[in-house]
Amino acid sequence: MSNGYILILGGEFSLRERVLAGALRASEGKRVITMAKSRINPNIKFFDGYLSGDVANAQEVLNSVIKYEKETGEKPVAVIPMNDFTVSASALLTEHYKLYGNDTGVIKQCKNKYLMKKILKESGLPVPKFAEFKTLDELKKHIANIGLPVVIKPNEMAGSLGVIKITYEEDIESAFSQCVNDVISLNGEAHAPEDLFIVEEYINTIQEVSVEVINQGSYHEVLAVTDKYLGDEPHFVEIGHSMPSIHSDNHELRDVAVRACEALGIKFGIAHFEARITSEGHIKIIEVGARTGGDTIMDLIERTYGINPYELHVSSHLNKLSIDSFIINPKGLSAVAFIKAKEGTIERVILPSSLPDYITNMQVTAKPLDISQSLVSWKTREGSIEFFWKNKRPEIGFKEHIDIAKQYSESLFTFKQ
């Protein structure tokens with residue numbers, strides 16, 4: 001009988017490649033395995049093993065792990081979620097095997113955006129006005145109470161899918177239809193309700209941030225604050241991030257993020273907290289996820305501060321996190337910006353022969369004959385560019401990474417006429 005294995009759920013996803021390095025450091029020699037629907041994935045070969053299953057289907061994941069246990073006698077010593085698709089399965093296995101991790105009740109409170117906002121509000125934390133709806137008539141009634149503009153979104157989704165701003169009354173019906181269609185377009189792959197939505201007050205700001213909080217039991221510590229860059233409204237697709245944030249020393253923001261984790265009962269791993277900050281300095285919580293941030297934010301932390309947050313995430317799920325305060329000083333400015341091709345059918349992808357030193361990585365995901373669509377969610381981006389400027393400090397209005405990515409986006413592709 002071995003000493004068990006660590007199961008990483010969502011580690012094979014793009015832009016989370018540093019998961020394995022962090023997990024191996026925290027594993028104390030235990031095998032680190034992952035799960036995916038198929039072996040047609042270049043990332044799974046780097047893990048110590050592979051289980052077949054749909055990571056968004058909690059029961060299927062549990063069945064796969066039980067089957068593996070019967071075949072090998074091995075049980076997981078930790079089951080660790082890396083994105084929003086995997087938190088439900090992780091919680092189910094955590095309870096089944098009596099492991100350290102956030103339970104299904106906590107995950108429900110974080111995945112269900114209405115329930116999340118309700119708990120945060122009852123805890124005295126700052127949230128926009130909000131309401132839950134299923135039908136167009138319900139939406140119209142809530143808008144009459146909240147007032148335009150508002151933002152509507154699916155109650156259980158991630159990655160900006162179906163998130164739409166409504167500014168004018170005549171746009172309510174089309175926005176509702178679009179939101180519904182965006183959810184249905186996933187063909188059930190998120191294993192989330194397709195008929196539950198939330199409407200909330202639009203918070204007018206030019207600044208949105210995320211805060212990464214590491215948790216273990218009653219210990220909650222802010223690791224980093226990220227400035228977020230969004231595409232054109234009425235959608236809210238992230239087109240880039242930079243770290244450190246100009247709000248990294250905002251003690252109220254850091255305190256609110258920690259209190260939100262406490263209110264939602266998050267006790268293990270990294271939590272991803274998102275908020276908007278108004279021109280008057282008021283903080284409004286957008287959402288809190290009981291999992292690591294995506295879009296290479298974990299890589300930005302490692303580049304900026306020299307610590308691999310995935311290692312902390314895994315250590316916490318083993319209940320072995322060192323809970324000394326993290327005194328971390330930035331080594332420079334890290335950023336990521338996403339490649340967005342113009343709309344059309346891509347004919348050729350022309351990669352650059354060399355890159356400047358401040359670009360640490362470029363991933364082009366688009367291929368010839370792919371159809372580039374308008375930017376409505378993370379699914380309609382064509383790649384990413386990561387940056388690091390040594391000793392550079394954050395500054396208001398910084399967008400060098402966005403400008404550079406736009407230039408590359410215009411030169412990387414040719415299109416069929």
Side-chain angles (χ1 to χ4, degrees), residues 9-10 13-14 36-38 53-61 81 83-89 107-108 110-117 130-143 149-200 202 230-239 274 286-287 289 291 294-295 338 340-341 343-345 365-366 369-382:
L9 296 179
F13 281 58
S14 178
K37 284 183 184 178
S38 83
D54 178 355
V55 292
N57 185 331
Q59 190 59 51
E60 187 177 316
V61 173
N83 60 28
D84 217 57
F85 289 109
T86 62
V87 287
S88 296
I107 295 307
K108 182 182 177 183
C110 294
K111 279 184 72 72
N112 184 314
K113 293 179 172 62
Y114 175 76
L115 186 55
M116 175 203 300
K117 290 278 195 329
F130 66 98
E132 191 177 39
F133 68 96
K134 280 190 171 187
T135 67
L136 179 60
D137 285 343
E138 288 174 341
L139 172 59
K140 287 178 177 178
K141 286 175 186 174
H142 292 316
I143 288 176
V150 297
V151 177
I152 60 171
K153 60 182 78 170
N155 205 26
E156 292 189 24
M157 288 285 169
S160 307
L161 192 80
V163 183
I164 303 169
K165 178 186 177 186
I166 304 174
T167 304
Y168 305 106
E169 198 168 325
E170 57 265 31
D171 295 331
I172 295 174
E173 292 188 22
S174 61
F176 174 71
S177 296
Q178 183 64 56
C179 188
V180 171
N181 290 335
D182 285 349
V183 174
I184 293 171
S185 72
L186 284 178
N187 296 316
E189 71 177 66
H191 293 272
E194 296 186 352
D195 61 348
L196 274 177
F197 305 89
I198 185 170
V199 54
E200 56 189 51
Y202 173 74
L230 304 178
D232 295 337
E233 295 178 351
H235 302 285
F236 297 86
V237 186
E238 292 160 348
I239 59 172
E274 295 181 351
I286 303 301
E287 59 187 63
R291 43 81 181 176
D295 275 0
F338 295 98
K340 181 67 217 130
E343 292 180 47
T345 301
T365 54
L369 301 183
D370 280 356
I371 298 173
S372 173
Q373 300 173 327
S374 60
L375 187 65
V376 295
S377 81
W378 62 273
K379 285 177 167 284
T380 52
R381 303 184 303 207
E382 278 74 46

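What's counted below: heavy atoms across the whole structure, side chains too, no hydrogens, waters or symmetry copies. Treat the numbers as computed from the prediction; the structure is a model and nothing was measured.
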| said: Return the CD to CD1 distance between E156 and I198, rounded to the nearest 0.5 Å. | reply: 11.0 Å
| field | Minimal non-hydrogen separation, R291 against P81, with atom names | value | CB-O, 4.5 Å
| said: Would you compute the distance between atom CD1 of I239 and atom CG of L230 and round it to the nearest 0.5 angstrom? | reply: 7.5 Å
| When rounded to the nearest 0.5 angstrom, what is the spacing between CZ in F176 and CD in E138? | 8.5 Å
| Salt-bridge present (K140, E173; N to O < 4.0 Å) | yes
| request: Looking only at non-hydrogen atoms, find the nearest pair between Y114 and A131 and report the distance. | output: CD1-C, 4.1 Å
| task | Using atom types as modelled and distance alone, determine if a side-chain donor or acceptor of Q178 lies under 3.5 Å from a backbone N or O of S174. | result | no
| request: Please check if the side chain of K141 supplies one atom and the backbone of L136 the other of a donor-acceptor pair under 3.5 Å. | output: no
| said: With side chain to side chain donor-acceptor pair (under 3.5 Å) as the criterion, how do Y202 and E233 come out once you've worked through the C-alpha distance, each side chain's angles and the decisive distance to 0.1 Å? | reply: CA-CA 11 Å; Y202 173 74; E233 295 178 351; 2.5 Å; yes
| query | Do S88 and K108 get their side chains close enough for a donor-acceptor pair, meaning under 3.5 Å? | reply | no
| note | Nearest heavy-atom approach of A89 to L9 is CB-CD1, 3.9 Å
| query | So, for S374 and K340, which heavy atoms are closest and what is the spacing to 0.1 Å? | reply | C-CE, 4.3 Å
| field | Spacing of CG belonging to D370 relative to OG1 belonging to T345, to within rounding of 0.5 Å | value | 9.0 Å
| message | Does any part of the side chain of F236, heavy atoms only, come nearer than 4.5 Å to the side chain of V151, both counted from C-beta? | response | yes
| With distance as the sole test, does Q373 use its side chain to make a donor-acceptor pair with the main-chain N or O of T380 at under 3.5 Å? | no
| field | Under 3.5 Å: donor-acceptor pair, side chain of E60, backbone of D54 | value | yes
| Side-chain (R381) to main-chain (A341) donor-acceptor, under 3.5 angstrom | no
| query | So, are K165 and D171 salt-bridged, with charged N and O less than 4.0 Å apart? | reply | no
| query | Taking 4.0 angstrom as the limit, do E200 and K117 come out as a salt bridge? | reply | yes
| How far apart are the closest heavy atoms of V163 and P154, and which atoms are they? | N-CD, 4.4 Å
| query | Do the side chain of N155 and the main chain of K113 share a donor and acceptor less than 3.5 angstrom apart? | reply | yes
| request: Report the C-alpha distance between S372 and E382 in whole Å, list the side-chain angles of each, state the deciding distance to 0.1 Å, and finish with yes or no for side chain to side chain contact (heavy atoms under 4.5 Å, CB included). | output: CA-CA 8 Å; S372 173; E382 278 74 46; 3.6 Å; yes
| request: To the nearest 0.5 Å, tell me how far I172 CD1 sits from S177 OG. | output: 12.0 Å
| message | Set out, in order, the CA-CA distance, both residues' side-chain angles and the distance that settles side chain to side chain contact (heavy atoms under 4.5 Å, CB included) for V55 and F13, then state yes or no. | response | CA-CA 11 Å; V55 292; F13 281 58; 4.1 Å; yes
| request: Take N83 and T86, measure what side chain to side chain donor-acceptor pair (under 3.5 Å) needs, and give me the verdict at the end. | output: CA-CA 6 Å; N83 60 28; T86 62; 3.3 Å; yes
| task | Return yes if some donor-acceptor pair links the side-chain N/O of H142 with the main-chain N/O of V199 below 3.5 Å, else return no. | result | no
| said: Less than 4.5 Å apart, side chain to side chain, heavy atoms only: is that true for I152 and F133? | reply: yes
